[in-house]
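Comments concern the structure below.
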Amino acid sequence: MHFFISGSLSSLGVPFFISGSSSPLGDAFLHQWILVTPEGAFLHQWVLVIPGDAFLHQWILVTPGDAFLHQWILVTPEGAFLHQWILVTPGGVFLHQWILVIPGKFFHNLMERKDFETWLDNISVTFLSLTDLQKNETLDHLISLSGAVQLRHLSNNLETLLKRDFLKLLPLELSFYLLKWLDPQTLLTCCLVSKQWNKVISACTEVWQTACKSLGWQIDDSVQDALHWKKVYLKAILRMKQLEDHEAFETSSLIGHSARVYALYYKDGLLCTGSDDLSAKLWDVSTGQCVYGIQTHTCAAVKFDEQKLVTGSFDNTVACWEWSSGARTQHFRGHTGAVFSVDYNDELDILVSGSADFTVKVWALSAGTCLNTLTGHTEWVTKVVLQKCKVKSLLHSPGDYILLSADKYEIKIWPIGREINCKCLKTLSVSEDRSICLQPRLHFDGKYIVCSSALGLYQWDFASYDILRVIKTPEIANLALLGFGDIFALLFDNRYLYILDLRTESLISRWPLPEYRKSKRGSSFLAGEASWLNGLDGHNDTGLVFATSMPDHSIHLVLWKEHG
């Protein structure tokens, strides 16, 4: 069938001419028509339907001097769908696009690569010219048109774009500066983020040195190997955890005396013991072996070096002995009471002794003669310390030798030199109340004097004799002093050994003690190695920590446990 129509569109007044035809092709059906307008627009459209096979719809539009559009649609009974269109404009823009959908197989929407790149460039230029608000609206619209695949792609890429690895991007100096603000545990966690982070963090020497200092460890600034300090810190963490968990020490015993042990003195890995069995022994703490054993008088106090042993006795005398032969080389007589403490200096050739007769005597070490008797104490003199001064004051200068003597209530300070006569420079006490006693241990390093009492741990500045601080431990009263350093103090009572962090004035560790022999004079117990009190360094936490005599005449030792 053919048809012909001419006329005008009443609403627009546009004339038109239409020619069409419609005819059956066996089972197929074809419908076709052409529209021509006087302005030259030409539209050709036809539809072909083949029952049970396919459906094809195609049309062509040509507008004079403007554009050419060719589009067709093909649908098959199996569900395949193909839509293709071609647009050509006089300006030279050519667009060819087609869409193919095959159910259960794939969807293909492909623009030629070159055409796509051209289109993308044009879109990008336009997008960059928009305001921020317009860009946001554009993105919102594109997101609303996106499917699950596009949204997943967007999510994955946004995570990468929004996160910045500042350690990787920043200069190393700025990274180190930022890292210094993090605590050590956080730093260790950051090392697990990536190899790059671990490399940067491990290379920051100052960070790990500061971390070690925070744990009370000594730092050698000349060592600039960052990895070394990180390893030191990890070692420090382990040791401090052992202290907190009360697992840093182990115990041992020295057996050899047959009567009560009254006197102990430790130096450089060797422990000297003086006993009521009229002997003194020198022990190697690391092996537990007796190095020397000599016959002496009853010992209330001992001090030794490589060649000699000096003993104070309950028989009111002081004696000097030779280790190698066991011979007594000097005998110092003059006290009228037991001698509870002795000290000496080979450079000055002076020996000092404190006695139950309330006096301190100064002796010529080599000659054995008494140079001076210092009076003023009203109680037993239980401790004498001979030490070189390290600070300047109106009463003394650095390098001067100073003698400290202590009784139950007071600490007296004396100038000691080659002169025979001297007067007391200062008397220190914690209270005028005689009900408050000093503990029988005394620390003096040339800069500070430290002693414990029922009121707390007192620290005096030796330059001014002012009390710098009083450390109190409310949870535990009447702690006795064993050792005092820049970082830690070692204390004890009847049941435990304690480590005090002097920076926070808090107890950080304790260790149980057996029923040791009590002594009012403080000579039957002592601290071992003392360098760690100024800060651990990974090497000085070895050897003896504490020693005390036991009722069964043995010596109980507390030792640092080796690092795991």
Side-chain angles (χ1 to χ4, degrees), residues 301 312 334-345 348 350-363 370-417 419-472 478-481 484 520-523:
H335 280 295
T336 58
V339 179
F340 294 141
S341 182
V342 294
D343 202 356
Y344 63 87
N345 183 278
L348 295 178
I350 282 179
L351 181 146
V352 293
S353 57
S355 171
D357 62 11
F358 305 168
T359 68
V360 176
K361 288 189 178 292
V362 182
W363 312 82
C370 182
L371 301 178
N372 201 357
T373 299
L374 309 179
T375 61
H377 285 283
T378 58
E379 294 288 338
W380 292 357
V381 181
T382 56
K383 189 67 176 177
V384 290
V385 177
L386 193 57
Q387 175 68 43
K388 186 179 288 187
C389 176
K390 297 180 181 178
V391 293
K392 181 177 179 57
S393 77
L394 295 176
L395 301 178
H396 45 70
S397 301
D400 292 346
Y401 279 92
I402 299 295
L403 168 64
L404 264 62
S405 58
D407 62 28
K408 191 175 182 179
Y409 302 110
E410 296 176 334
I411 301 170
K412 290 186 178 295
I413 302 170
W414 314 82
I416 291 292
E419 72 279 4
I420 295 177
N421 297 315
C422 64
K423 294 182 180 180
C424 179
L425 298 177
K426 187 72 174 179
T427 299
L428 306 177
S429 62
V430 299
S431 174
E432 296 181 0
D433 184 358
R434 287 268 169 161
S435 65
I436 305 299
C437 299
L438 298 177
Q439 298 286 354
R441 305 292 298 179
L442 181 66
H443 169 83
F444 177 49
D445 60 3
K447 296 186 295 183
Y448 306 108
I449 301 172
V450 184
C451 190
S452 58
S453 74
L455 297 178
L457 195 66
Y458 279 74
Q459 182 181 15
W460 288 271
D461 177 21
F462 191 60
S464 63
Y465 303 125
D466 292 334
I467 296 175
L468 292 180
R469 59 176 169 174
V470 180
I471 301 174
K472 298 182 179 181
N478 296 322
L479 290 181
L481 176 69
F484 191 91
K520 294 181 179 180
R521 300 173 290 103
S523 61

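For reference, positions follow the sequence shown, starting with 1. Given the structure is predicted, the values throughout are model-derived calculations rather than measurements.
- Using a 4.5 Å heavy-atom threshold, the side chains of Ile413 and Ile449 count as touching.
- Sorted by first then second residue, the salt bridge (charged side-chain N to carboxylate O under 4.0 Å, His left out) pairs that include residues 450-472, not counting sequence neighbours, are Arg469-Glu505.
- The nearest pair of heavy atoms linking Ser393 to Ala463 is CB-O, 3.0 Å.
- Under the rule for a side chain to side chain donor-acceptor pair (under 3.5 Å), the partners of Thr378 that lie at least two apart in sequence or sit in another chain are Arg434.
- Listed by chain and number, the residues in a side chain to side chain donor-acceptor pair (under 3.5 Å) with Ser353 are His335, Trp363 (sequence neighbours excluded).
- A pairwise comparison of heavy atoms in Ala406 and Leu442 identifies CB-CD2, 4.2 Å as the closest pair.
- Interatomic distance, NZ of Lys426 versus CD1 of Ile402, reported as 14.0 Å (0.5 Å rounding).
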Checking side-chain contact (heavy atoms from CB on, under 4.5 Å) for the pair Cys437/Tyr409: CA distance, chi angles, key distance, verdict? CA-CA 5 Å; Cys437 299; Tyr409 302 110; 3.8 Å; yes

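- The ring-ring contact (aromatic ring centres under 6.0 Å, His included) check on Phe444 picks up Phe462, with sequence neighbours excluded.
- Across every non-hydrogen atom of Phe340 and Ala356, the tightest pair is CE1-CB, 3.5 Å.
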From CA spacing to verdict: side-chain contact (heavy atoms from CB on, under 4.5 Å), Ser453, Leu438: CA-CA 5 Å; Ser453 74; Leu438 298 177; 4.3 Å; yes

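- For the atom pair CG of Leu425 and CG of Leu404, the computed distance is 10.0 Å after rounding to the nearest 0.5 Å.
- Not counting sequence neighbours, the partners of Asp445 by the side chain to side chain contact (heavy atoms under 4.5 Å, CB included) test are His443, Lys447, Tyr448.
- Once rounded to the nearest 0.5 Å, the distance linking CD of Gln459 with CD1 of Ile467 reads 10.5 Å.
- In this structure, the side chain to side chain contact (heavy atoms under 4.5 Å, CB included) partners of Lys412, at least two apart in sequence or on a different chain, are His377, Ser405, Glu410, Trp414, Cys424, Thr427.
- Every side chain to side chain donor-acceptor pair (under 3.5 Å) that Lys361 has, sequence neighbours left out, goes to Thr373.
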Please test Phe358 against Asp407 for side-chain contact (heavy atoms from CB on, under 4.5 Å), starting from the C-alpha separation and ending with a verdict. CA-CA 8 Å; Phe358 305 168; Asp407 62 28; over 6 Å; no

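- Side-chain contact between Lys392 and Ser397 is present, with heavy atoms from C-beta onward closer than 4.5 Å.
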Evaluate Tyr465 against Leu395 for side-chain contact (heavy atoms from CB on, under 4.5 Å), listing each step before the verdict. CA-CA 11 Å; Tyr465 303 125; Leu395 301 178; 3.5 Å; yes

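- Taken from CG in Leu348 to OH in Tyr401, the straight-line distance is 5.0 Å, to the nearest 0.5 Å.
- With sequence neighbours excluded, no residue forms a side chain to side chain donor-acceptor pair (under 3.5 Å) with Asp400.
- Taken from CD in Gln439 to CG in Leu479, the straight-line distance is 8.5 Å, to the nearest 0.5 Å.
- Between Pro415 and Cys422, the shortest heavy-atom distance links the atoms O-CB, 3.3 Å.
- Closest non-hydrogen pair, Asp343 versus Leu386, comes out as OD2-N, 2.8 Å.
- Contact annotation: the side chain of Ser452 approaches that of Leu457 to within less than 4.5 Å [non-hydrogen atoms, C-beta and beyond].
- At least one side-chain heavy atom of Leu374 sits under 4.5 Å from a side-chain heavy atom of Leu403.
- With sequence neighbours excluded, the residues forming a side chain to side chain contact (heavy atoms under 4.5 Å, CB included) with Thr336 are Asp357, listed by chain and number.
- Taking the ring-ring contact (aromatic ring centres under 6.0 Å, His included) definition, one finds that Tyr458 meets it with Trp460, sequence neighbours left out.
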